[in-house]
Amino acid sequence: MDLLEYQAKNLFQQMGIPVLPSQQISQPKDLKGLKIPYPIVLKSQVYTGGRSKAGGIRFVENTIDAVAAAQAIFHLPIMGQYPEVLLAEARYQPERELYLAVVLDRSSRRPLLLGSQEGGVEVESVVGQMQQVIVDQEFSPFYARRLVLKMGLRGELIQTVSSVVEKMYRLFLEKDLDLVEINPLAVSARGEVMALDGKIIANNDALARHPDLTALCSQQPLSNRTRITGALPAGMNLVELDGSIGILCNGGALTMATLDLVYKAGGKPANYLNVGGEFSHHLPPNTLPERVRQGLEVLGRDRGTKVVLLNIVCGGVGCDDVTEAIAAHWRRRSVGHRPVLMVRLAGSRFDAAHEILRGLEIGVVHDLDEAIAQAVSLSKSKVA
Amino acid sequence: MDLLEYQAKNLFQQMGIPVLPSQQISQPKDLKGLKIPYPIVLKSQVYTGGRSKAGGIRFVENTIDAVAAAQAIFHLPIMGQYPEVLLAEARYQPERELYLAVVLDRSSRRPLLLGSQEGGVEVESVVGQMQQVIVDQEFSPFYARRLVLKMGLRGELIQTVSSVVEKMYRLFLEKDLDLVEINPLAVSARGEVMALDGKIIANNDALARHPDLTALCSQQPLSNRTRITGALPAGMNLVELDGSIGILCNGGALTMATLDLVYKAGGKPANYLNVGGEFSHHLPPNTLPERVRQGLEVLGRDRGTKVVLLNIVCGGVGCDDVTEAIAAHWRRRSVGHRPVLMVRLAGSRFDAAHEILRGLEIGVVHDLDEAIAQAVSLSKSKVA
Amino acid sequence: MLFSAASRVLIQGITDPLGKVYAPLMQQYGTQIVAGVASGQGDTNFHGIPVFDLVEQAIATVGQVDTTVICGHPYMVLDAALEAIAAGIRHLVLLTDGVPPLDMVRLLRKAEATETLVVGPNSPGIIVPGEILLGTHPPDFYAPGPVGLISRSGTLTYEVALQLTQAGFGQSIAVGIGGDRIVGSSFQQWLQILEEDEATQVIVLVGEIGGDSEENAARYIAEAIDKPVVAYIAGRTAPLEPVMGHAGAIIAALVADLSTEIGTFESKLAAFKAAQVPVADRPSQIPDLVKKALQKVS
Amino acid sequence: MLFSAASRVLIQGITDPLGKVYAPLMQQYGTQIVAGVASGQGDTNFHGIPVFDLVEQAIATVGQVDTTVICGHPYMVLDAALEAIAAGIRHLVLLTDGVPPLDMVRLLRKAEATETLVVGPNSPGIIVPGEILLGTHPPDFYAPGPVGLISRSGTLTYEVALQLTQAGFGQSIAVGIGGDRIVGSSFQQWLQILEEDEATQVIVLVGEIGGDSEENAARYIAEAIDKPVVAYIAGRTAPLEPVMGHAGAIIAALVADLSTEIGTFESKLAAFKAAQVPVADRPSQIPDLVKKALQKVS
């Protein structure tokens, strides 16, 4: 889960990382109660980068200008997002700007400290200067000093900046984050530092053990607008496209493989839905039939779909258990729009499953390639 | 540093360990604003154990009885201590009472979890039933379960109690404690637990990195009342006895060895003062002369002292550096009460030191046994 | 092989939702489940398996344990794994998904220090057909044979196994290393194990887009693996998951001196091509490539 | 011996108060101080010793380091020690007092895992007379000879060394293991090292009241040490420090199956008696007992 800049800065402040005095602005008139002296900077609080280029950050000298700027920013979408809040912040004159981050490195399977003296710009453009330190053992401050020295800092700045990295790491660890980034960390002529902008991404799997982050999460608007209205059941993952074949599978890689096969066979997917794999403590395999039924309901809402292809590989339950769920769904939706179902099942008790579906005139096969071929063919037929 | 029961319970509560509703009472009339329903228990907040036996804990049913009981407790010294605060707490009917503690084990050089089903009594009496688990690697909750199973608990209580042990351990670690003790941890008939009494000892060396504990420390009255008034300079350690020889040394073991020798030679120590050893970052060896001077001032305040024996083994500084400090002290205290000084110095530049002290008619020798003999002899002479 | 019918197996979290479903299935397959662990439920039994409160209690009563299968709550997996390691168990199979990645970092530091093999999390575990099931693989899909199957996924692994079995190619072992960002054992580790395993004649690697596991595996195959390898990569037509696009991941990939293209289907395909590993363009093509590989070997 | 004139030594915290005083004294004694570390002061030098910001920088520039002497702020000692271990240094001497005990617990876990020798904290370190000074021992008090001197204290160690030297008994080594509750190397470890050290003919152990180090050492001497040992215990007439009296310490001692008398002079004296170790009743008696011990050996 992404945090907004002001939420990240609240966490920085709790951890003792220096941030500027700031205030949240929910509507332009809030600026009349501003407690920070002018000049200030107004910043659109959206989840995407590139705010500056897009015009989402403005420097203003007085209330009149500030209100006008705030109105403009509230009405400025950045990559499709409108801000719900602006951050009004004191201005700061940095002598130099650094980049600092802590991320989890998939390859080394360890946290990674990142830093560069070329902060304040789009980070992709300065990757050449980026220094990195892998935290291979339990963290200790010398890892932070190691980064800061690699960045080329010397003298008192070593301690000042490595102390910020230390705090970023503690935050990363205590809150189970995927990313803590300060860009830029401003350095003043007197060697003082200030986090001018910050980004935090919390790990979704760990969210439930951090009530403070969970609370921020609930304020967050749904980022994906979908044609298919209604919230997706927990543990499911839907991607919408613009073809005519709905795809419903259990397991992420199986879903992708099925999608690949549909395209390969000349089909046009309308969407693909993963109803969840086999190792969830919260949704164990014996909930698969119910998840399939819920998934069918979700896909059934898409009026553009002619065929729904189910590819279910049954492990912990039998094919017939899943089929009962399909049948239950089919019977309930016997009126109104009803896409054709093409069912592919692999697993135990296939014959029993076949029996049930044949009674409902739903196509069911055991072979994957054949299921794909039939689904694509059905999607192209005029009858469906 | 010892914490009072109510301070310990505040920390328990922060950590999510269940405690009863309670209120601090600074004077009996505070009981009129009591928010806890009767019956309650009133507990003297002193740093010593054995409060119950001494009458420092009373159960009361109404305000009149409570005020009377509070008055009695405020005027009841327990091992010489009067409470400044009482704790008024809801009553609780435990079905059983457990003992739990986390301490640092000197021998294994690891934290130790302790637990027994025989809680609620003086712990020394149930040591036979005490179970222990050494936390040899980084803590994980299974260490707590291991303790609880060794204690003989079964079923749901395993999780309930081990979760308390987990929180105690986290507190121990986060706050750098020497001891966290819950005695008793009450268990209700429904399997709920409640910390009825608790003890926390914070580690003095780590105190400076825990501002919350440092704040509690500053509220604490000086536990040692000394004849020699005035606060002791930092890093020094004074023990007062009732003889006539003051002993001033640098280093704990050297001080004890010198004390042993004085007793052995038939002398009667008035006190012994360690002005600090050689490895303090805060008071490095080059501060030794100044510490000796301050130490002489402290011992000079004791009117019962006839002779002050200095035994200073000089490492990082020369004997003459220390001697300059002795001389400076001696010149300032040339009027009024002035105990005889007997100086023993070991280290470099002894001759220069000898020269300085001879000019002031202060006895100085290099041999330890001789210094002891002379000091004892002086203490017995009528002249001194 | 590290795992056989003689292996003595423990199930931690045996009465948790995943344990309840899979412990009986493993037992039916013939896996020697000597004990289960479920805190608070000691002295009971589950499907005839004695249940203990603590791993060390289980071992004290039933004797040595070779492998533990952990299927408890995601937030309890780290503790369960550390408990198993402390009790001397050196093979851990983690089924549960949703384990916080920093818990895995801590576990893997410990595993490396104690030379413990950790498979998973978010993994179907291991099956040695005809011998032992340590996880969620549906036994009907598998048969004994010469193919070593390694994968990051769950149900797609079963699918591939089924295709192989139906084509007459049984498996020496099938391992799902787990689908999470931070997992224990890597493709490289398993490639090395299978390279040394006598029963394995050909290796099938089932990959998917995202991460750099396949790229690393391909490099390792070129350097260190003599047995033939056949690959399949799911996700040619799927967009990378949004999580891949975030600043940290981009930076980490860039800094680690990798192309921004890392994780894409094309990057993985190119890596296997460079390692001369044939890549199947659909699951049903895998048996054909296996057949060719086996013909070359003999 | 682990430490000699050939040892290459680093000083961490060389510009901190203790480093400032002792680094020049060690250097004067002939200790090969190849570098100092002081964060923020890289590229400077102190008494001709090059100063670096980081241990690994120092090693990269001056080459291998055998031993580091750590004398920084008590709250920085853990990090400095972990930094040294990460850089591959396996002998650490910690001078600073006031290191939080839980920092030491963490350090000692790491030291055990990496087979690192940690001396101290709150320790005068080590002197091998005529060879090397790694700590605060005043060189004038020492002379080369056959006595291995181990102690928990600082100035009392110097006192005993002085008495020995004045009586003509030089020292093979003198080590202060540190006065804190949690220290790295134990009396037992040093007894074993001295037992194996050819230069050492007799061992003098200087103890004090409090803790169980002397009791454990006495038991170890009875079991494993053939060379003669002479002991001295300070504090016969002093009360145990109040910290000894707290509930936790009492309980820990009681539970560990030790007498409540543990830590007293009488307990320690009895332990040495049981191990047939003569105990001097004053420092000046130690040389006499050493003389007797040496006569018996030859």
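As the structure is a computational prediction, the values presented were derived from the model and not from experiment. Within every chain, numbering begins at 1; the chains are lettered A, B, ... in the order of the sequence lines, protein sequences first and strands thereafter.
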Worksheet item: Relative to chain A, which segment of N122(C) carries a heavy atom at a distance below 4.5 Å: side chain, backbone, both, or neither?
Response: both
Worksheet item: Would you call R209(A) and D103(C) a salt bridge, taking side-chain N to carboxylate O under 4.0 Å as the test?
Response: yes
Item to complete: Identify which part of L207(A) has an atom lying under 4.5 Å from any heavy atom of chain C, answering side chain, backbone, both or neither.
Response: backbone
Response to the item:
Checking heavy-atom separations under 4.5 Å from chain A, one finds in residues 108-118 of chain C L108(C), R109(C), E112(C)
Discussion item. For P284(A), give me all partners under side chain to side chain contact (heavy atoms under 4.5 Å, CB included), at least two apart in sequence or on another chain.
Written reply: N286(A), T287(A), P17(C), L18(C)
Worksheet item: Looking at side-chain heavy atoms only, is the closest gap between I182(C) and L104(A) below 4.5 Å?
Response: yes
Item to complete: Taking the side chain as every heavy atom from C-beta outward, state whether F279(A) and P124(C) have any atom pair closer than 4.5 Å.
Response: yes
Worksheet entry | P111(A) side chain near V105(C) side chain, heavy-atom distance below 4.5 Å | yes
Worksheet item: With distance as the sole criterion, is a donor-acceptor pair present between the side chains of D260(A) and T237(C) under 3.5 Å?
Response: yes
Practice prompt. Evaluate the side-chain proximity of Y263(A) to R236(C): yes if any heavy-atom separation is below 4.5 Å, no if none is.
Written response: no
Item to complete: May I ask you to check whether over 12 heavy atoms, not counting those of R51(A), lie within 6.0 Å of atom CZ?
Response: yes
Item to complete: Kindly indicate whether the side chain of P101(C), heavy atoms from C-beta on, has any atom under 4.5 Å from the side chain of N203(A).
Response: yes
Worksheet item: Between L259(A) and chain C, which part of the residue has a heavy atom less than 4.5 Å away: side chain, backbone, both or neither?
Response: both
Fill in: Close side-chain approach of F172(A) to L102(C), heavy-atom, < 4.5 Å
yes
Worksheet item: Is the closest side-chain heavy-atom distance between S107(A) and N216(C) below 4.5 Å?
Response: yes
Discussion item. Do H281(A) and C71(C) have side chains that approach each other closer than 4.5 Å (heavy atoms only, starting at C-beta)?
Written reply: no
Worksheet item: Between the side chains of D369(A) and S284(C), does any donor sit under 3.5 Å from an acceptor?
Response: yes
Practice prompt. Using a strict cut-off of less than 4.0 Å between a Lys/Arg side-chain nitrogen and an Asp/Glu carboxylate oxygen, indicate whether R106(A) and D212(C) qualify as a salt bridge.
Written response: no
